[in-house]
Trainee: 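What follows is a single structure, and I will ask about it in a moment.
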2 protein chains.
Amino acid sequence: MTHSPSPPELRLENQICFAVYSAAHAFAQAYRPWLEPMGLTYPQYLVMLLLWERDGRSVNELAQPLQLDSGTLTPLLKRMEKAGFLTRSRDEKDERVTRIHLTDFGQSLMEQARRIPVAMLCQSGMDLNRLTELREQVQDLGKSLRQA
Amino acid sequence: MTHSPSPPELRLENQICFAVYSAAHAFAQAYRPWLEPMGLTYPQYLVMLLLWERDGRSVNELAQPLQLDSGTLTPLLKRMEKAGFLTRSRDEKDERVTRIHLTDFGQSLMEQARRIPVAMLCQSGMDLNRLTELREQVQDLGKSLRQA
DNA sequence: TGACAATATATTGTGCACAACTTAATTGTT
DNA sequence: AACAATTAAGTTGTGCACAATATATTGTCA
């Protein structure tokens, strides 16, 4: 007897999960040339985006929008502190929380980062409207998966 | 002087890269309840999909469709070998290549896996047509990013 | 007030992901 | 045949990602 051939719904190229997984890695690679000169990794860049928008967040106020836990963030933030992007200090009102503040250096990187979005838009090979629509659909998809 | 506020194109919620990154993690989490009973992680499941479709692949014939390198695959395949899903053996014609073959156990898991795609379709909250179209757009996006 | 639950972060251990490098086998050229 | 170039895997080191657990602070309520 021979093996049953794998059905189409089990083929790698038909998996939306893999398309998303693979695109996520492609993004991280595509960002690399812009982030490496700044000394940032891709997840660290995501943290910087949040801090540029609002500084002095707690670990939780980073964890929630990023959908990450302290097990991931704590060592990441320690590396970023060591690299001089930010400082970690105890909140005076509530000694449980750690507050994250950008250093002047970390703050100053925003100017360089401003050029990245346009560059990535070009590399995406899509126009802004299509990309925005795609983003919304992917956000919806993520939301559905998370709450199920 | 005060800090310049971060421009909209640098906000986390407007990044398509983050939407994709976040959805990828959400997928891995959503697959967990189905994969854990089989003893598979999500990346291991991707390898199984390829082997169910065609057994006896070389490491490279896994690496290419997955867009992974041997630095990732070799230890992953060793773990899968240890767990009894597959075997790793030298190709007799070309002693450089390692051939990966499913064990009977590994082959047999396909029956359980057959139920996964429908379950995930439900969790996605989208119909098949919309999901297929979305997959194609995400695949295109990944392709653009990789070649630029 | 004094136990106890809740909250916030940190720690530990495992498994990806990838750059950079190494090792070994094959191919191509002369 | 000799040997450089190529190819295929494997190794090493760093940085995520997350489950499970630990620690410490704050809130609650009997």
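Just so we're clear, the structure is a prediction, and the values are computed from it rather than from any experiment. Numbers restart at 1 for each chain; the letters A, B, ... are given by sequence-line order, proteins then strands.
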Trainee: For salt bridge (Lys or Arg N to Asp or Glu O under 4.0 Å), just list the numbers for B:E95 and B:R90, CA-CA rounded to whole Å, side-chain angles, deciding distance to a tenth of an Å, and then say yes or no.
Mentor: CA-CA 6 Å; B:E95 295 274 337; B:R90 287 283 165 199; 5.3 Å; no

Trainee: Just jot down the side chain to side chain donor-acceptor pair (under 3.5 Å) partners of A:R146, sequence neighbours excluded, or say none.
Mentor: B:S22

Trainee: Atom CD of A:E95 to atom P of D:dG27: distance rounded to whole Å?
Mentor: 12 Å

Trainee: Can you measure A:L35 atom CG to C:dA19 atom C1' for me and round it to whole angstrom units?
Mentor: 16 Å

Trainee: For nucleotides 7-17 of chain D, just jot down a letter per nucleotide in 5' to 3' order: B, S or -, based on protein non-hydrogen atoms under 4.0 Å.
Mentor: BSBBB---SSB

Trainee: Side chains of residues 121-130 of chain A: which donor-acceptor pairs under 3.5 Å do they make with residues two or more places apart or in other chains?
Mentor:
residue: A:S124; atom: OG; partner: A:L121; partner atom: O; Å: 2.6
residue: A:S124; atom: OG; partner: A:M126; partner atom: N; Å: 3.2
residue: A:D127; atom: OD1; partner: A:N129; partner atom: N; Å: 3.1
residue: A:D127; atom: OD1; partner: A:R130; partner atom: N; Å: 2.8

Trainee: Relative to the ring of B:Y31, is the ring of B:Y42 parallel (under 30°), tilted (30 to 60°) or perpendicular (over 60°)?
Mentor: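 Tilted: the ring planes of B:Y42 and B:Y31 meet at 30° to 60°.
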
Trainee: Output the rounded distance in Å from CG (A:L66) to P (D:dC18).
Mentor: 11 Å

Trainee: Taking atom C1' of C:dA8 as reference, at what distance in whole Å does atom CZ of A:R57 sit?
Mentor: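 It works out to 17 Å between those atoms.
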
Trainee: Answer yes or no: is there an ion pair linking A:K93 with A:D91, defined by an N-O contact shorter than 4.0 Å?
Mentor: no

Trainee: Answer yes when A:E111 and A:R114 have at least one side-chain N-carboxylate O distance shorter than 4.0 Å, and no when they do not.
Mentor: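 The answer is yes: the pair qualifies as a salt bridge.
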
Trainee: C:dC18 C1' sits how many Å from B:R146 CZ, rounded?
Mentor: 15 Å

